[in-house]
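So the structure is just underneath, and the comments pick up after that.
Numbering starts at 1 and runs along the sequence shown. Computed from a predicted model, the values in this text were never measured in an experiment.
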Amino acid sequence: MTVRQLHLNLFIYPDGHHEAAWRRPESQPERITDITYYQELAQRAEAAKFDAVFFADGPALADNIRYAARGGLEPITKMTAIAAATERIGVIGTSSTTYNEPYNLARQFASLDHLSNGRVGWNIVTTSSAAAAHNFGLDAHPAHAQRYERAEEFLDVVTKLWDSWEDDAVLADRESGVYADTDKIHRIDHEGRHFSVAGPLNAPRSPQGRPVYVQAGSSEDGRSFAARWAEAIFTAHQTLENAQEFYADIKARARSVGRDPEGLKVLPGISPFIGSTAAEARALEEEFNDLTQPAYSLKQLSNLVGVDLTAYDLDGPFPTEVVAPVGDRAFHSRSQLVLDIVARESPTIRQLCHRLAGARGHRVVAGTPVDIADTIQEWAERGAADGFNVMPPWLPGGIDVFIDEVVPLLRERGLFRTEYTGTTLREHLGLDRPASQYAPTPQKETA
């Protein structure tokens, strides 16, 4: 296939994506609540002309905080500070449709899109952590299907709210004394199963029309949801073949619901260990793996597959027989990824924990800068990716070596920009600015 220039995001996990990164002397875990740390990382990514920086989030304290540098700043607050310290790079943050209300979230993201001059994306999640329920007065975490049902209605409501002001509603006509044309500001009067929202939003339409819709689920429900709503998809794949299957499937689903597949960018995660030789890179990865805490790693693996593995021998085989088959439950896409690794590689539980320690199921590549660039190019050329979420194993140094040694190779191959050509995140991603659904449909001229 013909490859156009790729999209690159810096996925900022507090101290890096390897679970033991905070134990390395070059990491800075003491700065995970220091906003200048994130501003500096975003400025480095902006200097390299990345499309965006991205932040994951969840409304509950992560498991096993005893062993991991987790817990940090709320995304919208952090994104606002980054937008003030940068000029062109996009800022994408995570907010849950299960544990937010549409009006408040729509207002927050619209405000940030105004403040950043159109550089905002919303990573839409339904929240997988059951612990969140007890932080919001619920007795139990809603079931997988219920969360996606709510998410569908949530997206319908926020889209209407972001569209509720037509683009030319603000007149600011000093002579007449008319500030806004109220005929172009619309109540949405939404009445649904989960929400009752009158609208309109109490802010004009933002520079991008709407923030970029980003989504990260790869389950069956997640794929269907993404096909209808997402403009960028963050996804995890271990093999080129699995990535190609997902890419083809999600583009076909988008086409089946009347969307242009080019309006949906597929961005797998890649976590690179980079060395001057392949052996040096592999040794670096092993140094990180040697610092993992088995209690933490085993808990993470147990969460992924939905089975408590603490009673099993770390150096024994993974017990596939205790994991429910796909048809028996709302199977998490990351669970299937784990089972695929077991089927291909037959690792011990300890080896599997090390396999997943680098990026929680995203592709970890250890090699030279050329090796990393080759992998990126191959996935792009063979229909597996429109770009990548770069997930440095450690920060800040891990992104520096990628920018200094891999990005120039991608540019030499014509795969990545040397300068920004637009000012908004939509422009960086090659996405159209959507019209308000309340704006009159242009009338075709008749002969």
With sequence neighbours left out, write down each residue that passes side chain to side chain contact (heavy atoms under 4.5 Å, CB included) with Glu427, or none if nothing qualifies. Thr423, Thr424
Taking atom types as modelled, find out whether Thr94 and Asn123 have a side-chain donor-acceptor pair closer than 3.5 angstrom. yes
To the nearest 0.5 Å, how far apart are NZ in Lys78 and OH in Tyr37? 10.0 Å
Distance-only donor-acceptor check, side chains Tyr99 and His141, under 3.5 Å: yes
Pairing residues for Phe402 by the ring pair (Phe, Tyr, Trp, His ring centres under 6.0 Å) criterion, not counting sequence neighbours: none
CD (Glu241) with more than 12 external heavy atoms under 6.0 Å: yes
What closest approach, in Å, do Leu309 and Ser302 show between heavy atoms, and which atom pair accounts for it? N-OG, 3.1 Å
Separation between OG1 of Thr126 and CD of Gln146, rounded to the nearest 0.5 Å: 11.5 Å
For Ser297 and Glu19: C-alpha separation, side-chain torsions, deciding distance, then whether side chain to side chain donor-acceptor pair (under 3.5 Å) applies. CA-CA 8 Å; Ser297 302; Glu19 64 188 49; 2.3 Å; yes
The test is side chain to side chain donor-acceptor pair (under 3.5 Å); show your working for Thr310 and Asp308 and say whether it passes. CA-CA 6 Å; Thr310 54; Asp308 184 356; 2.7 Å; yes
Does anything in residues 192-211 form a salt bridge (charged side-chain N to carboxylate O under 4.0 Å, His left out)? List the pairs, not counting sequence neighbours. Glu149-Arg193, Asp163-Arg205, Asp163-Arg210, Asp167-Arg205
Please name all residues satisfying side-chain hydrogen bond (donor to acceptor under 3.5 Å, both in side chains) with Glu152, sequence neighbours left out, ordered by chain then number. Arg228, Trp229
Just say parallel, tilted or perpendicular for the rings of Phe225 and Tyr148, cut-offs at 30° and 60°. perpendicular
Got a sec, which residues hit ring pair (Phe, Tyr, Trp, His ring centres under 6.0 Å) with Tyr438, two or more places apart in sequence or on another chain? His186
Just to verify, what does Asp34 make a salt bridge (charged side-chain N to carboxylate O under 4.0 Å, His left out) with, not counting sequence neighbours? Arg31
Using side-chain hydrogen bond (donor to acceptor under 3.5 Å, both in side chains) as the criterion, list what pairs up with His190, not counting sequence neighbours. Glu153, Lys160
For Ser196, the side-chain hydrogen bond (donor to acceptor under 3.5 Å, both in side chains) test, sequence neighbours excluded, returns Glu191
Arg223: partners by side chain to side chain contact (heavy atoms under 4.5 Å, CB included), with sequence neighbours left out: Glu245, Phe246, Asp249, Ile250, Arg253
What residues, two or more places apart in sequence or in another chain, satisfy side-chain hydrogen bond (donor to acceptor under 3.5 Å, both in side chains) together with His428? none
Determine whether a donor-acceptor pair (N or O, by modelled atom type, separation under 3.5 Å) exists between the side chain of Arg88 and the backbone of Gly422. yes
Smallest separation among heavy atoms of Gly199 and Leu161, with atom names: CA-CD2, 4.0 Å
According to the interplanar angle, ranging from 0 to 90°, do the rings of Tyr213 and Trp162 count as parallel (below 30°), tilted (30 to 60°) or perpendicular (above 60°)? tilted
Applying ring pair (Phe, Tyr, Trp, His ring centres under 6.0 Å), name anything that partners Phe388, two or more places apart in sequence or on another chain. none
Between Asn9 and Asp51, does any side-chain donor sit less than 3.5 Å from a side-chain acceptor? no
Just checking Asp432: does its CG atom have more than 12 heavy atoms from other residues, nucleotides or ligands closer to it than 6.0 angstrom? no
Check ring pair (Phe, Tyr, Trp, His ring centres under 6.0 Å) between Trp394 and all other residues, then give those that pass, not counting sequence neighbours. Phe288
Taking Arg426 first and then Asp113, would you say they form a salt bridge - that is, a charged N and a carboxylate O separated by under 4.0 Å? no
Minimum heavy-atom distance between His354 and Asn289, given as atom pair plus value: NE2-O, 3.4 Å
